[in-house]
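Following: one structure in structure tokens, then a few remarks.
Just so it is clear, the structure is predicted and the values come from calculations on it, not from any experiment.
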Amino acid sequence: MRKIQASRITEAVAKLCMEANFKLEEDVQTSLEKAYETEKSPVGKEVLKQILDNSDIASTERVPICQDTGMTVIFAELGQDAHIAGGGFEEAINEGVKKGYTEGYLRKSIVSDPVRGGNTGDNTPAVIHLDLVPGDKLRMYVVPKGGGSENMSRIAMMKPADGVEGIKKFVVDGVREASGNPCPPITVGVGIGGSFERCAQISKKALLRSIGSSNKDPFYDKLEKEILQLVNKTGVGPAGLGGTTTALAVHIETAPRHIASFPVAMNINCHAARHKFIEL
């Protein structure tokens, strides 16, 4: 049984919280640069230029790329032959969030009571999704999720007969109604199947995939490309000011479902699609 010290987890999470807010991953940066080259609208092109300039400033000066530094979401895969030593797993992660958001001077946005409010003061607790997997490694994806894009997410318990056309309509209508609120160009995560809660979870997990990557299933790869084309035909455009680049990518994750249920969920990332990864 391999031991992973809780302190290593804390340090890793703290570093990733800061890095995710300061510097976009290469796949996002490259996609924005390609969008700038291909955008047809002069206004949309200017918005993309400002987004790229903002990204450069954030990276160079190590300041947040957005004033909303997000709620920390962690997707973790823990090998069943690994043992967390020197502290609890969730405590180690939350200590890392606390350290990262404090030392990085990142905005703390979490309220302890959803109705009565009260800021926790350190951006904890994180939302943690944990999967047990073979091996002795710990892999973590740190995803700071801003409120603007998160608020545009939606879920529907559709009829099985709604099928592919129902999925397309659900996503395109959702993007059109969201308009400029999630700060496009967006990345769209789509969850299909599972239960009510599983569907929402995998729609967010779909955002972990690198922009530009292909779905391993040719059927869903084709569907992703079809929906992306439809979304970009809505004309919402960068910042919602019109143009041909409303989304950089559509990613689909699926799960087996009950024969009578057809849940579909959509989770949106803004143009600052923040995500960082580490393996311990």
Mark yes or no for whether [X], through its side chain, and [Y], through its backbone, hold a donor-acceptor pair below 3.5 Å.
{"X": "N94", "Y": "E91", "answer": "no"}
{"X": "T10", "Y": "A92", "answer": "yes"}
{"X": "N123", "Y": "S109", "answer": "yes"}
{"X": "N215", "Y": "I252", "answer": "yes"}
{"X": "S31", "Y": "D27", "answer": "yes"}
{"X": "E279", "Y": "K137", "answer": "no"}
{"X": "T187", "Y": "N269", "answer": "no"}
{"X": "S112", "Y": "G118", "answer": "yes"}
{"X": "K98", "Y": "T124", "answer": "no"}

Practice prompt. Pick out which of E39, K45, K34, H271 makes a side chain to side chain donor-acceptor pair (under 3.5 Å) with T245.
Written response: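 Running side chain to side chain donor-acceptor pair (under 3.5 Å) over E39, K45, K34, H271 with T245 returns exactly one hit, E39.
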4.5 Å side-chain heavy-atom contact, [X] and [Y]:
{"X": "I259", "Y": "P160", "result": "no"}
{"X": "V97", "Y": "V13", "result": "yes"}
{"X": "T120", "Y": "K108", "result": "no"}
{"X": "N181", "Y": "N151", "result": "no"}
{"X": "E90", "Y": "L130", "result": "no"}
{"X": "S149", "Y": "I186", "result": "no"}

Sequence neighbours left out, what passes side chain to side chain contact (heavy atoms under 4.5 Å, CB included) with [X]? Give chain and number order.
{"X": "L228", "value": "N232, A247, V250"}
{"X": "E197", "value": "S195"}
{"X": "E150", "value": "K145, S153, K204, N267"}
{"X": "K205", "value": "F75, D131, L208"}

Residue pairs involving residues 189-225 (criterion ring pair (Phe, Tyr, Trp, His ring centres under 6.0 Å); sequence neighbours excluded)
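Pairs touching residues 189-225 that pass the test: none.
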Discussion item. Can you pull out every ring pair (Phe, Tyr, Trp, His ring centres under 6.0 Å) where at least one residue sits in residues 141-163? Sequence neighbours excluded, please.
Written reply: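 Those involving residues 141-163 are Y141-F277.
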Check: F22: what forms a ring pair (Phe, Tyr, Trp, His ring centres under 6.0 Å) with it, not counting sequence neighbours?
Finding: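 Ring pair (Phe, Tyr, Trp, His ring centres under 6.0 Å) list for F22, sorted by chain: empty.
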For this session: Please identify each residue that fulfils ring pair (Phe, Tyr, Trp, His ring centres under 6.0 Å) with Y105, with sequence neighbours left out.
Result: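 Y105 satisfies ring pair (Phe, Tyr, Trp, His ring centres under 6.0 Å) with no residue once adjacent residues are dropped.
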Nearest-0.5 Å distance that lies between atom [atom1] in [X] and atom [atom2] in [Y]:
{"X": "T69", "Y": "Y101", "atom1": "OG1", "atom2": "OH", "result": "4.5 Å"}
{"X": "E253", "Y": "L207", "atom1": "CD", "atom2": "CG", "result": "10.0 Å"}
{"X": "E103", "Y": "C17", "atom1": "CD", "atom2": "SG", "result": "11.0 Å"}
{"X": "H251", "Y": "R209", "atom1": "NE2", "atom2": "CZ", "result": "4.5 Å"}
{"X": "K23", "Y": "R62", "atom1": "NZ", "atom2": "CZ", "result": "10.5 Å"}
{"X": "E11", "Y": "K15", "atom1": "CD", "atom2": "NZ", "result": "10.5 Å"}

Residues two or more places apart in sequence or in another chain: which of them pass side-chain hydrogen bond (donor to acceptor under 3.5 Å, both in side chains) with R2?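 Listed in chain order: nothing, the list is empty.
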Which residues pass the side-chain hydrogen bond (donor to acceptor under 3.5 Å, both in side chains) test with Q80, sequence neighbours left out?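 Applying side-chain hydrogen bond (donor to acceptor under 3.5 Å, both in side chains) to Q80 gives none.
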Could you go step by step and tell me if I128 and I93 meet the side-chain contact (heavy atoms from CB on, under 4.5 Å) rule?
CA-CA 9 Å; I128 303 170; I93 286 178; 3.9 Å; yes
Nearest heavy-atom pair of [X] and [Y]: which atoms, and what distance?
{"X": "M157", "Y": "S261", "answer": "CE-CB, 4.4 Å"}
{"X": "G193", "Y": "R257", "answer": "CA-CB, 4.0 Å"}
{"X": "V175", "Y": "V236", "answer": "O-CG2, 4.3 Å"}
{"X": "P182", "Y": "C270", "answer": "O-CB, 2.9 Å"}
{"X": "G237", "Y": "P184", "answer": "O-CG, 3.3 Å"}
{"X": "V164", "Y": "L223", "answer": "CG1-CD1, 3.7 Å"}

Self-check item: R154 atom CZ, over 12 foreign heavy atoms within 6.0 Å
Solution: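 Counting other residues, nucleotides and ligands, CZ of R154 exceeds 12 neighbours.
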Exercise for the section: Determine whether more than 12 heavy atoms belonging to other residues, nucleotides or ligands lie under 6.0 Å from atom NZ of K168. Expected result: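 Enclosed: over 12 neighbouring heavy atoms sit under 6.0 Å from NZ of K168.
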So if you build clusters from Ile, Leu, Val, Met, Phe, Trp, Tyr with side-chain heavy-atom gaps below 4.5 Å, do [X] and [Y] land together?
{"X": "L280", "Y": "V142", "answer": "yes"}
{"X": "M140", "Y": "L132", "answer": "yes"}
{"X": "I155", "Y": "V264", "answer": "no"}
{"X": "I4", "Y": "L16", "answer": "yes"}
{"X": "M152", "Y": "I167", "answer": "yes"}

**Prompt:** Can you list the residues that meet the salt bridge (charged side-chain N to carboxylate O under 4.0 Å, His left out) rule with K225, with sequence neighbours excluded?
**Reply:**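 Expected list: D221.
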Worksheet item: Under 4.0 Å between a Lys/Arg side-chain N and an Asp/Glu carboxylate O for D173 and R176?
Response: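 R176 and D173: salt-bridged.
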query = Is K222 salt-bridged to E226, going by a charged N under 4.0 Å from an acidic O?
reply =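 Salt bridge present between K222 and E226.
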Members other than I65 in its cluster, when Ile, Leu, Val, Met, Phe, Trp, Tyr link by side-chain heavy atoms under 4.5 Å?
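L24, V28, L32, Y36, V43, V47, L48, I51, L52, I211, L241, L248, listed by chain and number.
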Step by step, work out the side-chain contact (heavy atoms from CB on, under 4.5 Å) result for V188 and V171. CA-CA 9 Å; V188 184; V171 175; 4.1 Å; yes
Checklist entry - Taking it one step at a time, do T38 and T244 satisfy side-chain contact (heavy atoms from CB on, under 4.5 Å)? => result CA-CA 8 Å; T38 58; T244 54; 5.9 Å; no
Show the numbers, then the answer: is there a side-chain contact (heavy atoms from CB on, under 4.5 Å) between M158 and K169? CA-CA 12 Å; M158 298 167 61; K169 186 175 189 307; over 6 Å; no
- Task: Show the numbers, then the answer: is there a salt bridge (Lys or Arg N to Asp or Glu O under 4.0 Å) between D68 and R107?
- Result: CA-CA 7 Å; D68 185 350; R107 196 185 85 182; 3.6 Å; yes
